[in-house]
Each structure stands twice: as C-alpha cells, then as structure tokens.
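The chains referred to below are lettered A, B, ... by the order of the sequence lines, with proteins before strands, and numbering in each begins at 1. Quantities reported herein were computed from a predicted structural model and do not represent experimental measurements.
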Protein chains: 2
Amino acid sequence: MAGRASSKTSESSDKVSVICRALRRAIIEQALEPGAKLPEDALGERFGVSRTIARHALGQLAAEGLVELRRNRIAVVATPSWQEARDAFDIRIELERLVVRQLAGKLSKSQIAELNAHVDAEDRARGGTDAVSIRLATEFHILLAHMTNSPILVRYVSEVAYRCCLTLSLYSRPHSTECAINEHRAIIAALARGDEAKVMELMHHHLDSVATRALVAPAPQRGRDLLDILAPYADEVTSDRVVKLPKVARRG
Amino acid sequence: MAGRASSKTSESSDKVSVICRALRRAIIEQALEPGAKLPEDALGERFGVSRTIARHALGQLAAEGLVELRRNRIAVVATPSWQEARDAFDIRIELERLVVRQLAGKLSKSQIAELNAHVDAEDRARGGTDAVSIRLATEFHILLAHMTNSPILVRYVSEVAYRCCLTLSLYSRPHSTECAINEHRAIIAALARGDEAKVMELMHHHLDSVATRALVAPAPQRGRDLLDILAPYADEVTSDRVVKLPKVARRG
DNA sequence: GGGCCCCAAACTGCATGCAATTGGAGCGAT
DNA sequence: ATCGCTCCAATTGCATGCAGTTTGGGGCCC
C-alpha cells in the first residue's frame, strides 16, 4: 500500500522531482530553517546535478510556497508572516473538512487499518524529535487526502499542510503531540462509523486547536523581514522605488 | 486599482513569468485547446527566448495543473477527466465560501465600486465570444480573492478557477452567461450588506449551478486520453507493464 | 492492400558557458 | 567608531550544445 503513484501532472520522477522531494523533506523537518539560503550552485553540487536542474527545482518549490525567489538574489526557505500562517490554517481547515466529508463511511477495512498503522507509528515516534513527530502528523493528513483519490485535493492538502508545517517551526512553542494523536484516532473512528457531521467537526477542531496552540504570539518577529514590518509605513514615503501595496480590507 | 502586485513567491516578473501569463491566458481563452501540443522549441521561438526558459515556464504551468508534462514527450495543455473537473469545482466551492466569509461586511466603498465595475464589464461583453465571457467571469472571482489580501488564498482560488475554466472548455455546452452575471451582482449586494451566511450560500449555489450546468454529460470524451478511458479495464490485463491503480474508495 | 521494421527528424533532459547583477570586504574620510 | 565609496568574488539569468528518447513515415515483405 505504500508508494502511491503521484499524479501525472508535476513530479515527473526526473531529477528535478527528486531534488524537490529532498528539499521539501529537509524543510519540513527543519533541517533547513526558514530563511536558510539555497544557492543554486551548492544545491547542484550537493545533489550531483547541474545548476539548471537545481534552479528548476527551486522554481517548483517556490510555486508551492516553500521557498522564496527574489530576482538576482539567492533563494531562501520561505518565512511566512504570522498572518500568512493563519491564512494557511484557515484554508487547510476547509480543505480537510472536504476530505473527511468525502471519506466518511467510504473507507475499506484495509484503509482503516492503514490509517491506524500510521497513528501507531506516530505513537512510537513520540520519544523522538519534534521534527519527526510533526512530519508524521502532517503525513497522516496527506494520507487521508490520498484516500479521496482526487489528485487535485491531494495536491492542495499536501501543499498547505507543508506550509503549515513550515510555520510551526517558526511560531510554535514545544507543543505536546499526544492530544494530536488522540484526535487522529478519534477522526479515524468517526470516519469508520460514517458519521460525516461528527468527523468534519472533529477535523475542524483538531486543526483549529493546532493552529491556535501553535500560532500564539501575534508578533514574535524572530527572523522576520524588515521589509514586511515596515511595509505599512511605506505608503507615506514618496519614492517610486517603494513597493506599492494595494489598498485592501484586512479582516479581523 | 489595476495591477495588483503579485505575491513575492513565484511570478518573479522575469521572462518565465511573462511566458506563463501568456500561456495561461491563451489556455483559459481556449486559444489553446486541451490536448494542444506545446513543444519547447516552438514556444521559445514564439516568445523570443531560449528553450530553457520555455521549459521552465511549462514546469510552472504543470505545477498549476494547466499543462501536462510527460517525460521525453511533448508537453500538452491539460485534459482533465470529468471527475477531476468535478473535484476542482468542489474544492473551489469551499475556497470561495471562505473568501466571501472573510469579505462579508469588510469591503470599502471603492472596493464595492470596483466589483460593480467589473460586473458591468461582464455585462458589456455579453455580445462577444464565450471565451471572453468565461474569462471575465473567472476574473471576477479572482478579484474577490484578491480583496482578502491573503496571498495564499489568492493563489489557490486563481489556480482552481483557471482549472475550472479549462474544464468548461472541455465539457461545457454553450451556456448562458446572464444568470451568472445576476448572481455576481447578488453576491456583491450580500457582501455589502455584510450578510455572511447569505453570501456564503449564494456563492455556493452560484458555483454549484455553474458546475452542474456545465459538467452535464459524464462522458463526452472529446479529446480524452485513451489511457484514462481504459484505466478501469486495465485491472483485468495481466501484464506488469500495465499502470497500477491504487485501490481506493471512489465516493459517490 | 496491409502489417512490420527501421531510420531520420523532432524533441526532450541535462550540462556548460558567458554576461549581468549583487553584496560584502576593504579602505579612506568624517 | 561610523558612514560612504569602490571593487571583486559570488551568484543569478539566460542561451547554446550534446546525448538520449520518441515519433512517424517510407520501404519491404507477406
């Protein structure tokens, strides 16, 4: 049951994809912290490919929001703002409610077993590092998405889950993984019972609690970019080199 | 108010992005039909860049699901299956409900005016081609997403809307755009009133009706890939060269 | 006439090379 | 010491070249 085939679009199993996967994993396991530099040369050398390939991989990851690409500058691991992190979680909640809505009562016994096995693995990993726990928890959600057999849903859930993973490494306090594991079990149970409303509520609460527990302080601004902080003030500066921000409603 | 700045991630305003935008537009306006071939050489020559750049652009569009990349084969405009189209609409409904939920009662007068102006433009374009009408309707939704000021939400709504746009060209009958325009006006009104529940319901109904109206026949299979059509039959073929499908629950 | 094979053209996968840009070290002036 | 300037190594942006793969069509045999 391992090795689910990737969708025909993107991830063509060539060298670019290999590097993408490696970097993605390094990022979500926090081996590469937000803000870490990713020079094309270094990547190419490390993975034994040319700069062209490394560059292409960075482009893909940028499209996923995991790295930031600035013209003529070294690419860096993305450093989402607190608001972006919250936005990502909001989107994730809706997407994953959709996942469990589609899955409720539709899972085979072997699929339930697979889910339980994954949570068991999460349980066993409790003694390990936070990074591994977070990765496993994320993969549980992606596993669920895979079971919808909707490539689009898989892609979006994966992406947004990775982004959330990334933000956890920025804003999270050392959080307990136990309750998350219990919530995973509860979700599996509700899915098996086919209790659509309940499982949607469970998923909603699960993600929301992870988000609110993790995204505590509105402004730790650890590695935050000065440019972000000063952006609101730039309006009053009269220079055509200042980045123009579109005027928009910032919801509460 | 035009020229909303693109997010710092992806769309770096270099040559690759230019080509991406051009192709994206060509695809959603059906100048390039699903299945159309996109050789790197031809693209490069057409846009006055090298194959490297054209290739990179194709990679980005593949990540968005607008083109399909097969190893050692010419890239083609994506040809989503009917099920994928339905999945895209389901996701879109959830995302856009989130958009209007965040926006209800939070829009400034000038933003309301901008939305109305856009719908006016849709109205004026009723006499034109279907392609333009569809593009404008799509851009209305993307305009809404922009107003949330959430780059992530903008990206996902844009992507999924483009994908839906693409599927419309595959499975849609010549549909009337009038009711869609009226529904857009109703949504604006509900947003201005700040009626959150109502606007979510309106958006849901709007998209759902577009989807069900458009995705009528489960199998028009115009330019559909034989491989997709025959996939269910491949199970009975005993050969290790047959593409293995993971066994999953296909929800009703 | 129809099926098969083989080969050339077309195309992709990837590496390398060159020009342009950046950012930071070094250094002198304040 | 701090600021500002200059210059060079590091790095990106992009084009080109080469090798391997796919395509499709002509010729050959049945």
Side-chain angles (χ1 to χ4, degrees), chain A residues 6-23 32 35-63 66-79 223 225-227 230 239-243, chain B residues 6 8-23 32 35-63 66-79 223 225-227 241-243:
Chain A
S6 65
S7 140
K8 59 187 169 185
T9 155
S10 85
E11 295 310 271
S12 322
S13 91
D14 50 14
K15 296 194 183 186
V16 173
S17 314
V18 172
I19 297 180
C20 277
R21 271 191 289 273
L23 286 179
L32 291 171
K37 291 181 181 178
L38 302 169
E40 298 173 358
D41 281 325
L43 292 180
E45 191 177 1
R46 183 68 189 81
F47 290 106
V49 298
S50 81
R51 217 160 50 76
T52 307
I53 304 307
R55 180 185 184 73
H56 203 101
L58 287 175
Q60 296 293 307
L61 292 175
L66 288 185
V67 318
E68 287 172 18
L69 244 38
R70 301 108 89 208
R71 188 175 174 86
N72 282 322
R73 311 274 311 271
I74 300 180
V76 295
V77 176
T79 307
D225 197 357
L226 245 187
L227 222 138
L230 294 182
S239 159
D240 50 358
R241 295 202 53 184
V242 169
V243 178
Chain B
S6 63
K8 58 187 166 182
T9 155
S10 85
E11 295 309 272
S12 323
S13 92
D14 50 14
K15 297 194 182 184
V16 173
S17 314
V18 173
I19 297 180
C20 277
R21 270 190 290 273
L23 286 179
L32 291 171
K37 291 181 181 178
L38 302 170
E40 299 172 358
D41 281 325
L43 292 180
E45 191 177 3
R46 183 67 191 79
F47 290 107
V49 298
S50 82
R51 215 159 53 76
T52 306
I53 304 307
R55 179 186 184 73
H56 203 101
L58 287 174
Q60 295 292 307
L61 293 174
L66 289 185
V67 319
E68 286 172 19
L69 244 38
R70 301 110 87 211
R71 186 174 176 87
N72 283 322
R73 310 274 309 270
I74 300 181
V76 296
V77 176
T79 309
D225 195 357
L226 248 187
L227 222 137
R241 296 204 52 186
V242 168
V243 178

Check: Which residue pairs pass the salt bridge (charged side-chain N to carboxylate O under 4.0 Å, His left out) test with at least one member in residues 53-63 of chain A, sequence neighbours excluded?
Finding: A:Glu40-A:Arg55
Note to self: Donor-acceptor check, side chain of A:Asp41 to backbone of A:Gly44, threshold 3.5 angstrom: yes or no?
What the structure shows: no
Item checked: Donor-acceptor under 3.5 Å (A:Gln60 side chain, B:Gly59 main chain) -> yes
Check: Atom CG of B:Leu43 and atom P of C:dA10: how far apart are they, to the nearest Å?
Finding: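 In whole Å, C:dA10 P lies 17 Å from B:Leu43 CG.
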Notebook entry, point to check: Name the stems with DNA chain D in them: runs of three or more consecutive Watson-Crick or G-U pairs, distances under 3.5 Å?
Noted result: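 Detected stem regions: C:1-30 with D:1-30.
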Checklist line | Qualifying residues under side-chain contact (heavy atoms from CB on, under 4.5 Å), relative to A:Ala54, sequence neighbours excluded | finding: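 Per chain and number, A:Ala54 pairs via side-chain contact (heavy atoms from CB on, under 4.5 Å) with A:Leu43.
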Check: Who passes side-chain contact (heavy atoms from CB on, under 4.5 Å) against B:Val77, sequence neighbours left out?
Finding: B:Ile27, B:Leu32, B:Ala36, B:Leu38, B:Leu166
Check: For B:Pro39 and B:Ile74, which heavy atoms make the closest approach, and how far apart are they?
Finding: N-CG2, 3.8 Å
Checklist line | Distance (rounded to the nearest 0.5 Å) between B:Leu66 CG and B:Leu58 CG | finding: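 Going from the CG atom of B:Leu66 to the CG atom of B:Leu58 covers 11.0 Å.
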Margin query: Within this structure, what is the CD1-CG distance for the pair B:Ile53 and B:Asp14, rounded to the nearest 0.5 Å?
Written below: 7.5 Å
Next item on the list: Mark up nucleotides 7-16 of chain D, 5' to 3', with B wherever a protein heavy atom is under 4.0 angstrom from a base atom, S wherever such an atom reaches only the sugar-phosphate, and - elsewhere.
Entry: ----SBBBBB
